[in-house]
Amino acid sequence: MKTHNSVKLFASAMLGAALCGAGPIHAATLAISCGAVGQELEFCKTGTEAWAKKTGNEVKLISTPNSATERLALYQQLLAAGAGDVDVFQIDVIWPGTLANHFLDLTPYAKDVVKNHFAASIQNNTVDGKLVAMPWFIDAGVLYYRKDLLEKHGAKPPQTWQDLTETAKKIQDAERAAGNNQMWGYVWQGRAYEGLTCNALEWVASYNGGTIVDDKGKITINNPQAVAAVETAAGWIKTITPEGVLNYTEEEARGVFQSGNAVFMRNWPYAWSLAQGPESAIKGKVGVSALPKGGADGRSAAALGGWQLAVSKYSKNKELAADLVMYLTSPEEQKRRAINGAYNPTIESLYKDQEVLKAVPFFGELYDTFTSAVPRPSTVTGSNYNQASNQFWNAVHAVLSGRAKADASLGQLEGSLKRMSRGGKW
Ligand code: GLC
């Protein structure tokens with residue numbers, strides 16, 4: 001674990017107050033764990049620096065692994081030790097049920113502002129009546145495409161996965177023939193980790209194949225639509241998708257797309273501001289749409305992701321840590337992050353803010369995609385979620401890598417989820 005960029009700032013106002021005899025100043029040092037995918041660490045640094053300056057404290061940043069799965073393992077280690085070394089944890093939307101016992105109830109700090117956040121986010125973060133984390137940003141899977149290449153080859157953004165497969169193949173082959181041997185049709189996240197659960201849930205839900213486990217806890221994954229969805233994805237490997245995707249997380253997919261070597265990419269909104277950034281090979285050439293439907297009767301399904309901020313129960317500075325969390329999740333800070341980093345606000349009114357919409361037009365155009373995104377079954381499976389998801393991504397990964405057939409693999413998965421949940425009781 002690396003510690004980056006300590007923020008050392010004593011505000012002159014505080015110094016002034018001390019000199020005027022306002023009592024002793026005990027500036028505290030807080031530690032926050034931040035994501036480091038894309039520009040996350042940079043935004044965490046500038047946000048916490050502003051708070052440090054305002055309050056006369058210090059904040060250390062603890063950077064975490066890019067894979068959500070590895071990050072959870074690290075947090076579980078830290079929290080099980082009960083050490084107060086990290087005051088604020090950035091936690092995934094699927095973790096409140098698993099980690100709730102380690103976090104402070106933020107209700108007293110947040111009671112006046114919870115109404116400004118999406119109700120579903122607040123509900124997701126409320127465990128046994130306690131608000132264990134404040135929503136920071138939402139994620140939903142979207143489709144990135146090369147506007148210029150689609151135009152050049154007379155194609156439109158795809159409506160169904162079949163359209164995507166055909167368009168990707170046609171453009172990939174034509175571009176290769178014209179000299180770009182590196183060109184691929186479609187890149188996404190296929191490593192055996194939580195990101196694959198998100199991608200595969202999107203395929204399955206888009207074919208009306210359910211959400212692995214339904215709201216009541218019933219295991220629904222072994223059905224013909226789910227089998228068709230996973231088979232379709234397996235068919236992409238080596239035809240429109242490089243085999244290397246089986247080891248891609250978000251950043252590997254973005255690397256290929258942003259260097260100009262893919263027609264389509266599935267990713268989260270953060271990739272927008274980087275793809276449009278000064279160092280991008282494809283600046284100005286990128287479009288964003290909802291993900292394709294699973295056939296004419298299917299629907300477009302985006303997995304719901306996102307990150308929250310929680311205060312550790314073992315922190316020695318709980319009040320200050322809660323103040324930092326409230327600052328970072330405030331409308332001002334969420335607006336700054338939306339405009340400059342394309343992080344989806346959890347505050348509804350920011351989706352009507354003209355400056356936000358100008359910087360990230362698809363926040364407006366795809367508003368419904370964000371508000372109707374499909375949650376993973378983390379609430380109903382509670383602390384079993386990670387294990388259940390692990391079984392799911394492994395079952396899908398086996399099919400993608402040609403080691404198993406979709407019907408057999410999902411059939412087996414159903415059996416192991418039944419055992420894990422004692423027949424769906426979880
Ligand atoms: C994004 C999402 C998160 C998800 C992860 C999977 O970070 O916000 O919810 O678990 O991707 O890779």
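Remember, it's 1-based here, ligands and their atoms both numbered in the order they're listed. Predicted, not measured: the structure shown is a model, and the values here were computed from it.
Atoms of ligand 1 lying under 4.0 Å from at least one heavy atom of Glu194, given by number and element, are 10 (O). The Asp139 neighbourhood of ligand 1 comprises atoms 1 (C), 2 (C), 7 (O), 8 (O), with distances under 4.0 Å to a heavy atom of that residue. Close approach of ligand 1 to Trp307 (heavy-atom distance below 4.0 Å) involves ligand atoms 1 (C), 2 (C), 3 (C), 7 (O), 8 (O). Set against the non-hydrogen atoms of Gly195, the atoms of ligand 1 under 4.0 Å away are 6 (C), 12 (O).
Annotation: Phe362 is in aromatic contact with Trp272 [ring centroid separation under 6.0 Å]. A distance below 6.0 Å separates the ring centres of Trp307 and Trp95. The aromatic ring centroids of Tyr270 and Tyr343 lie 6.0 Å or more from each other. Here the two rings, on Tyr186 and Trp236, have centers that are under 6.0 Å apart.
Ranking the protein heavy atoms by distance from atom 9 (O) of ligand 1 puts Asp92 OD1, 2.6 Å first.
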- Message: Checking Asn261 against Asn180 for the side-chain contact (heavy atoms from CB on, under 4.5 Å) test, could you report, in this order, the C-alpha distance in whole Å, the side-chain angles of both residues, the deciding distance, and whether it holds?
- Response: CA-CA 8 Å; Asn261 293 326; Asn180 183 0; 3.3 Å; yes

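Separation of atoms CD (Gln189) and CD (Glu202) is listed at 8.5 Å; rounding is to 0.5 Å.
Ligand 1 is approached by Tyr193 to a heavy-atom distance shorter than 4.0 Å. Between Arg376 and ligand 1 there is a heavy-atom distance shorter than 4.0 Å.
Under 4.0 angstrom from ligand 1, the non-hydrogen atoms of Glu250 all belong to its side chain.
Of the N or O atoms in Ala68, none lie within a sub-3.5 Å distance of an N or O in ligand 1. Note: an N/O pair closer than 3.5 Å links Trp268 and ligand 1 by distance alone.
When all heavy atoms of Ser33 and Tyr75 are compared, the closest pair comes out as OG-OH, 2.6 Å.
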